Amino acid sequence: MSPLPSYGYGREHKGPRYGSLIHGQDLKDVTITGHNGTINGQGQSWWIKFRKKVLNHTRGPLVQLMRSSNITISSITLRDSPFWTLHIYDCKNVTISETTILAPIAGAPNTDGIDPDSCEDVVIKNCYISVGDDGIAIKSGWDQYGIAYGRPSTNITIHNVTIRSMVSAGVSIGSEMSGGVSNVLVENVHIWDSRRGVRIKTAPGRGAYVSNIVYRNITLEHIRVGIVIKTNYNEHPDEGFDPKAVPIIENISYTSIHGHGVRVPVRIQGSAEIPVKNVTFHDMSVGLVDRKHHVFQCSFVQGQVIGYVFPVPCKNLDLYNERQELVKQSTLQNISDIDYSF
């Protein structure tokens, strides 16, 4: 099995992988405390070479820990990584707190902030992230390689975090999720000046599941698309993936979602192959940039709306009052109201 696609290195998996600045594996009881210091990855030269397509190898993360346990990272600034900034792979019992992660918001490709990848029992709290790709991206391997390795990401808590990502999403799950992702709590998170707020992305070939995901107390400020579930994110490491390996997306809840300056608050794009099941919206009020379009978009979605939700939810969802009594049951779960023109 090639290790690179299982790590989810994206378009650059071909060729040798250039090492990270700080790399550790098979470690126990790891503490990285920066005492408010900074590690600078000096990524500018790497970004330029990547855009010119003159690299013969992949760019390395700034900090990468693999197959390790009992990790604490705190009070440090990580900036200008050549690639992903903080990559924790196949690790257990990880706490990342009081950490600032910075990269230019444009022209710094793939500079994710924090990537928990096939990890268990992770807490990310009290952090500030402003980068050129996803702020936090939960992963668990890519297509057939992730399925074969079979290490899920589970029991992950993200809270009290501020994120900006003008070219991608504040918090993402996937698209490399072929080991499975479950039991994730994202709460008290402020996402601003970003292309997307919170996103789940997957595709045929990934297999596995995204299940039991809770978003609570999320603030969206000047966001192009607030909530996204996308099931046709068709990037693959090679032609060896199985298109019949379709993921399961289920038990996703959004509670206390508020904000302003959002162009499309919800876009949940299930499909006949990959329907999105048991999605719940409760207590949502998002101020819109443009009310002339269909702004709550769904296809192949089954779930419910409880109490007051603004803007008006799509017709795919059942409606309940605050006492959780059924008001109207949908018979239109499979209709599509997805519009990428705005």
Side-chain angles (χ1 to χ4, degrees), residues 4-13 20 58-66 73 78 81-91 94 96 99 101-103 105 108-120 122-125 127-143 146 151-159 161-186 189 191 194-203 206 208 210 213 215 218 223 225 227-230 233 235 237 247 249 252:
L4 293 177
S6 71
Y7 296 166
Y9 275 80
R11 302 178 185 88
E12 299 171 80
H13 75 276
S20 51
T58 67
R59 297 166 288 157
L62 181 56
V63 178
Q64 179 171 257
L65 297 173
M66 302 171 59
I73 299 171
L78 306 174
S81 175
F83 191 60
W84 298 347
T85 304
L86 175 54
H87 181 211
I88 50 174
Y89 176 73
D90 197 359
C91 294
V94 180
I96 302 166
T99 294
I101 298 179
L102 303 173
I105 56 176
N110 310 114
T111 49
D112 292 10
I114 302 172
D115 291 80
D117 192 350
S118 295
C119 289
E120 180 178 349
V122 177
V123 176
I124 301 169
K125 62 180 181 179
C127 295
Y128 179 87
I129 301 170
S130 178
V131 289
D133 209 313
D134 291 331
I136 298 172
I138 301 170
K139 303 176 181 291
S140 66
W142 198 4
D143 284 5
R151 293 288 194 277
S153 280
T154 188
N155 299 336
I156 296 175
T157 298
I158 299 165
H159 64 103
V161 177
T162 298
I163 302 173
R164 176 171 64 166
S165 174
M166 288 197 69
V167 300
S168 200
V171 179
S172 277
I173 296 175
S175 64
E176 308 94 324
M177 42 62 65
S178 299
V181 178
S182 65
N183 301 336
V184 175
L185 171 62
V186 181
V189 172
I191 302 169
S194 296
R195 188 172 182 85
R196 303 168 188 90
V198 294
R199 175 173 64 171
I200 297 169
K201 50 182 177 174
T202 185
R206 300 288 192 266
V210 175
I213 313 298
Y215 300 94
I218 308 298
I223 308 291
V225 187
I227 292 169
V228 181
I229 300 179
K230 185 176 178 66
Y233 197 83
E235 290 184 353
I249 311 297
I252 317 294

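On a predicted model such as this, the values are computed, not experimentally measured, just so you know.
- Between Ile218 and Ile227 there is no side-chain heavy-atom pair separated by less than 4.5 Å.
- Under the 3.5 Å distance criterion, the side-chain polar atoms of Arg59 are matched with a main-chain donor or acceptor of Pro82.
- Contact between Cys127 and Ile96 at its shortest, heavy atoms only, is SG-O, 3.9 Å.
- The shortest distance between side-chain heavy atoms of Arg206 and Asp143 falls below 4.5 Å.
- In this structure, Ile88 and Pro116 approach most closely via the heavy-atom pair CG1-CA, 3.6 Å.
- Taken to the nearest 0.5 Å, the CD1 atom of Ile249 stands 5.0 Å off from the OG1 atom of Thr202.
- Atom CZ of Arg151 and atom OG of Ser178 lie 14.5 Å apart (nearest 0.5 Å).
- Salt-bridge formation is not detected for the pair Asp134/Lys139: no Lys NZ or Arg NE/NH1/NH2 atom is positioned less than 4.0 Å from an Asp or Glu carboxylate oxygen.
- The shortest distance between side-chain heavy atoms of Asp115 and Pro61 does not fall below 4.5 Å.
- Residues Ser172 and Arg196 have side chains that never bring a donor and an acceptor to within less than 3.5 angstrom of each other.
- Here the shortest heavy-atom pairing between Asn183 and Ile213 reads N-CD1, 4.5 Å.
- Here the CD1 atom belonging to Ile156 is positioned 4.5 Å from the CD1 atom belonging to Ile138, to the nearest 0.5 angstrom.
- Interatomic distance, Ile129 CD1 to Ile101 CD1, rounded to the nearest 0.5 Å: 5.0 Å.
- Smallest separation of non-hydrogen atoms from Tyr233 and Lys201: OH-NZ, 3.8 Å.
- Contact of the Val210 side chain with the Ile229 side chain is not registered, since no non-hydrogen atoms from C-beta on lie closer than 4.5 Å.
- Between Met177 and Pro247 the shortest side-chain heavy-atom distance falls below 4.5 Å.
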Check: Between Glu120 and Thr154, does a side-chain contact (heavy atoms from CB on, under 4.5 Å) hold up when you go through it step by step?
Finding: CA-CA 5 Å; Glu120 180 178 349; Thr154 188; 3.8 Å; yes
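- Note that CD1 of Ile223 and CZ of Arg164 are 11.0 Å apart. Values are rounded to the nearest 0.5 Å.
- Ser140 has its side chain within reach of Ser153: a pair of non-hydrogen atoms, C-beta onward, lies under 4.5 Å apart.
- The backbone N or O of Leu62 lies less than 3.5 Å from a partner atom in the side chain of Ser81, making a donor-acceptor pair.
- In plain terms, the two heavy atoms of Ala208 and Gly179 that are nearest each other are CB-C, 4.0 Å.
- Between the side chain of Thr85 and the main chain of Ile114, no donor-acceptor pair closer than 3.5 Å is present.
- In terms of heavy-atom proximity, Thr111 sits nearest to Asp133 at N-CB, 3.7 Å.
- Put simply, OG1 on Thr157 and CG on Leu185 are 5.0 Å apart, with the number rounded to the nearest 0.5 Å.
- Remark: the backbone N or O of Ile191 is not paired with any side-chain donor or acceptor of Ser194 at under 3.5 angstrom.
- A heavy-atom distance below 4.5 Å is found between the side chains of His87 and Asp117.
- Counting heavy atoms from C-beta on, the side chains of Trp84 and Gln64 never come closer than 4.5 Å.
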